[in-house]
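Here the structure is laid out as structure tokens; the discussion comes afterwards.
Per chain, numbering begins at 1; letters A, B, ... match sequence-line order. Since this is a predicted model, take the numbers as computed values, not measurements.
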Protein chains: 2
Amino acid sequence: MSAHPAPTARTRITIDDVAREAGVSKATVSRVINRRGELMSPELAARVQEAITRLGYAPSPMAQALKRGRSRLIGLVVADVANPFSVAVMQGAERVCRAAGYMLMLYNLAGDEGREREAITALASYQVEGFILHTLGRERQVLDDALQRNKPIVLVDRALDAPLDLVGLDNAQAVPLALDHLLQQGWNELLFVTEPIQSATSREERRAAFTAYTSAQAAQCRGQGVEVPAGDDATLDAALRALLQRAGDDARRPAVLAVNAVVGLRIAAAAKRLGCTLGRELGLVTFDETDWAPLVGPGITTLAQPTDDIGQQAARCLIERLENPGQTTQPRRFRLPARLLARGSSQREG
Amino acid sequence: MSAHPAPTARTRITIDDVAREAGVSKATVSRVINRRGELMSPELAARVQEAITRLGYAPSPMAQALKRGRSRLIGLVVADVANPFSVAVMQGAERVCRAAGYMLMLYNLAGDEGREREAITALASYQVEGFILHTLGRERQVLDDALQRNKPIVLVDRALDAPLDLVGLDNAQAVPLALDHLLQQGWNELLFVTEPIQSATSREERRAAFTAYTSAQAAQCRGQGVEVPAGDDATLDAALRALLQRAGDDARRPAVLAVNAVVGLRIAAAAKRLGCTLGRELGLVTFDETDWAPLVGPGITTLAQPTDDIGQQAARCLIERLENPGQTTQPRRFRLPARLLARGSSQREG
DNA sequence: TTGTAGGCGTTATCAG
DNA sequence: CTGATAACGCCTACAA
């Protein structure tokens with residue numbers, strides 16, 4: 001209709017506006033912004049700078065991205081934001097990214113691992129420069145695709161056979177930490193409860209460490225493992241009953257190591273259903289510290305993960321790769337230590 | 001150096017590649033993508049379509065955004081992702097946005113309301129088309145700025161004097177629901193505990209509703225309110241002791257209504273510290289349903305917010321404005337009802 | 001029905 | 001040291 005931009009919606013102020021205001025060329029303005037005042041007359045730089053602030057100009061990341069092929073965007077794929085661990089990691093990662101001038105683009109799988117590929121494609125189409133993946137990562141094809149496009153990937157908490165950077169918990173340290181404590185407190189009929197392992201390596205690692213420990217210490221304890229699908233409380237209750245039975249038969253003391261906070265909470269609920277008291281008839285240690293752990297039953301003993309550090313480390317690791325492209329360093333693996341917070345659920349009681 | 005794009009990092013496939021592959025012009029490809037097969041020979045459309053899939057082409061949102069001035073991005077500012085309510089809302093909103101072809105850009109304030117302005121500016125610079133704000137929103141100036149730039153805003157859970165769309169809980173319905181229940185169970189010395197109200201209208205509304213109710217029912221109960229800053233357990237303990245005291249003096253039964261899950265958990269912790277049992281010496285109802293509510297103490301009675309609905313509604317509301325620009329409809333306010341989940345913490349016991 | 005050309009806001013190359 | 005000018009990938013009048 002009208003030849004000029006609609007005067008109603010005041011159009012965005014561009015580099016041209018600044019150039020005009022300062023009486024210089026766009027190129028000069030661009031230089032002031034990027035190589036701050038390098039190789040140019042100070043007075044001109046000052047004039048431009050003033051025009052910028054006067055107009056309140058900010059360059060358009062979109063246009064910049066288009067031009068340089070770099071978006072300063074990082075894609076974060078999360079298995080489930082309802083998982084407190086995911087959220088905690090997210091926080092650490094976001095802080096680091098922002099400090100380095102990157103924005104985080106979040107994609108939540110909401111537990112539906114099938115949408116993983118969709119997530120990566122969507123994020124990639126938005127030109128994210130790299131990925132932080134806290135998810136299964138079974139879609140090898142998509143990963144290869146991302147890598148071919150030269151987009152670095154950092155895996156959080158879940159390894160993969162692919163040669164990728166990884167940051168997660170030191171499960172080989174964490175599991176003995178928990179089991180030593182349980183044995184010390186007199187619990188000697190042990191059960192490891194996890195959601196279906198599938199290809200989640202952290203679950204896998206934890207189970208492996210559990211098995212290794214219990215067979216090495218066979219003189220002092222017995223150990224079994226069970227996989228309990230989400231929502232399947234019948235299986236869970238049955239496993240717990242069997243555990244109590246085994247212990248009762250041989251005058252042993254039964255305890256559970258839960259693979260994460262979600263499972264830990266389910267164990268607490270099951271114990272309540274079965275009418276057995278935590279810390280008395282049943283010992284419990286779970287991975288992941290939470291706000292509510294001290295208040296459920298007699299307090300739940302947890303293996304606290306350094307979630308914030310994990311998130312930060314992941315972000316740092318990725319950003320380092322982004323800023324040094326071409327450097328094909330070997331994939332790095334960061335394993336951070338857990339801390340044990342002993343509470344009532346694992347303390348021997350009168 | 002070289003005249004052609006570096007062959008090493010395989011460059012992104014563009015609309016030109018597709019055009020060449022299909023032997024047509026860019027314009028035709030663009031048409032196929034946008035007005036799907038409208039006003040064009042089916043065979044050509046098919047040929048283009050095939051080229052698109054063969055090459056695995058996807059248009060660059062960046063370039064599209066630059067051209068159309070629309071980014072298909074929505075900015076979500078969250079007060080604190082550690083708050084389960086925020087996360088739950090986020091989930092609902094994200095689903096709706098994605099279904100409508102929008103991406104969510106997340107900015108977490110991590111409890112630092114001072115960074116609100118920074119959040120909005122950063123998001124705005126990325127050309128988000130609108131905002132969902134779950135935060136205090138005291139930065140009037142920034143809001144006005146956003147509105148002037150024609151960027152719609154939807155407020156979640158916290159009203160404002162500005163004429164903005166809003167979706168949140170129906171506090172006037174929720175509070176009596178909780179208090180009726182408490183009275184019915186025989187609790188009649190009531191205390192409303194909140195974090196500092198500041199300008200958070202949901203806290204304000206809840207307190208107002210509490211006050212209105214207790215003065216209307218003065219014959220059957222007494223009510224007071226207290227603000228407890230985060231981390232200040234001394235104040236909390238003192239308030240609780242005073243409550244127990246008041247009740248003891250007049251042979252009344254003391255109960256607390258907590259403004260949200262975080263405060264609720266703190267009350268449970270304080271009760272434990274003070275050695276008084278929930279549901280017996282002290283009644284408790286808190287806003288926000290959580291996974292752990294059934295397992296803390298005798299189970300915590302909660303006012304469950306329809307978080308997912310709230311998130312969805314917010315997203316829908318915003319998207320509707322985005323797709324009907326110019327339509328200066330009056331600001332709308334959606335108030336969704338709470339449900340009461342009665343548990344041990346509020347049941348009269350022997 | 002299809003193609004041509006101009007421009008969205010930046011940056012980078014190359015003259016001056 | 002500074003200023004034109006050509007892309008970046010896409011959309012959309014306008015022309016054919």
Side-chain angles (χ1 to χ4, degrees), chain A residues 1-6 9 11-48 51-52 55-72 124-127 129, chain B residues 1-6 9 11-48 51-52 55 57-72 124-127 129 149:
Chain A
M1 299 297 166
S2 69
H4 299 292
T11 179
R12 177 192 184 90
I13 37 187
T14 82
I15 200 173
D16 285 288
D17 300 324
V18 179
R20 204 174 312 119
E21 176 85 3
V24 297
S25 75
K26 306 191 302 182
T28 304
V29 179
S30 181
R31 281 192 200 97
V32 172
I33 294 171
N34 298 311
R35 335 182 213 307
R36 310 212 53 152
E38 170 196 333
L39 248 16
M40 57 188 325
S41 70
E43 54 163 352
L44 232 195
R47 207 165 78 217
V48 171
I52 288 179
L55 265 45
Y57 164 77
S60 149
M62 295 282 174
Q64 293 187 133
L66 191 60
K67 182 60 193 167
R68 340 191 218 217
R70 303 204 45 190
S71 60
R72 300 209 74 84
S125 90
Y126 270 93
Q127 303 280 96
E129 297 183 31
Chain B
M1 302 299 166
S2 70
H4 299 293
T11 180
R12 178 193 183 90
I13 35 186
T14 82
I15 200 173
D16 286 288
D17 300 324
V18 180
R20 205 173 312 120
E21 176 85 4
V24 298
S25 75
K26 306 192 303 182
T28 305
V29 179
S30 180
R31 282 192 198 98
V32 173
I33 295 170
N34 299 311
R35 331 181 216 307
R36 311 213 54 158
E38 171 195 334
L39 248 16
M40 55 188 325
S41 70
E43 53 163 353
L44 232 194
R47 207 165 79 218
V48 171
I52 288 179
L55 265 46
Y57 165 76
S60 149
M62 296 283 174
Q64 292 186 134
L66 195 59
K67 180 65 195 169
R68 324 197 238 226
R70 302 203 47 190
S71 61
R72 301 209 74 84
S125 91
Y126 270 93
Q127 303 281 93
E129 297 184 33
R149 292 193 200 184

Could you give the [atom1]-to-[atom2] distance, from [X] to [N], as a whole number of Å?
{"X": "D17(B)", "N": "dC8(D)", "atom1": "CG", "atom2": "P", "result": "11 Å"}
{"X": "R20(A)", "N": "dG9(C)", "atom1": "CZ", "atom2": "C1'", "result": "13 Å"}
{"X": "K67(A)", "N": "dT11(C)", "atom1": "NZ", "atom2": "C1'", "result": "5 Å"}
{"X": "R68(A)", "N": "dG9(C)", "atom1": "CZ", "atom2": "P", "result": "17 Å"}
{"X": "M62(B)", "N": "dC11(D)", "atom1": "CE", "atom2": "P", "result": "15 Å"}
{"X": "R31(B)", "N": "dC11(D)", "atom1": "CZ", "atom2": "C1'", "result": "10 Å"}
{"X": "L44(B)", "N": "dG3(C)", "atom1": "CG", "atom2": "P", "result": "7 Å"}
{"X": "I15(B)", "N": "dG9(D)", "atom1": "CD1", "atom2": "P", "result": "11 Å"}

What are the two closest heavy atoms between [X] and [Y], and how far apart are they?
{"X": "A19(A)", "Y": "K26(A)", "answer": "CB-N, 3.8 Å"}
{"X": "I15(A)", "Y": "V29(A)", "answer": "CG1-CG1, 3.6 Å"}
{"X": "A63(B)", "Y": "L66(A)", "answer": "CB-CD1, 3.9 Å"}
{"X": "G23(A)", "Y": "R47(A)", "answer": "O-NH2, 3.7 Å"}

Q.
I want to check one thing: is the phosphate of dG9(D), taken as OP1 and OP2, less than 4.0 Å away from some side-chain N or O of T14(B)?
A. no

Can you check whether Q64(A) has a side-chain N or O nearer than 4.0 Å to OP1 or OP2 of dG9(C)? no

Practice task
With the side chain counted from C-beta on, respond yes when M62(B) and S71(A) share a heavy-atom pair under 4.5 Å apart, and no when they do not.
Solution key: yes

Here the side chain to side chain donor-acceptor pair (under 3.5 Å) pairs for residues 57-67 of chain B, sequence neighbours left out, are Q64(B)-R68(B)

Ranking dT2(C), dT10(C), dT2(D) by distance to the side chain of P59(A), first place goes to dT10(C)

_Over all strands shown, is A58(A) touching base, sugar-phosphate only, or nothing at heavy-atom distances under 4.0 angstrom?_
sugar-phosphate

Notebook entry, point to check: Base, sugar-phosphate, or nothing for S60(B), non-hydrogen atoms under 4.0 angstrom?
Noted result: sugar-phosphate

So, with a heavy-atom separation below 4.0 Å from DNA chain D, the residues of residues 22-29 of chain B are K26(B), A27(B)

d(T28(B) OG1, I33(B) CD1) to nearest 0.5 Å is 11.0 Å

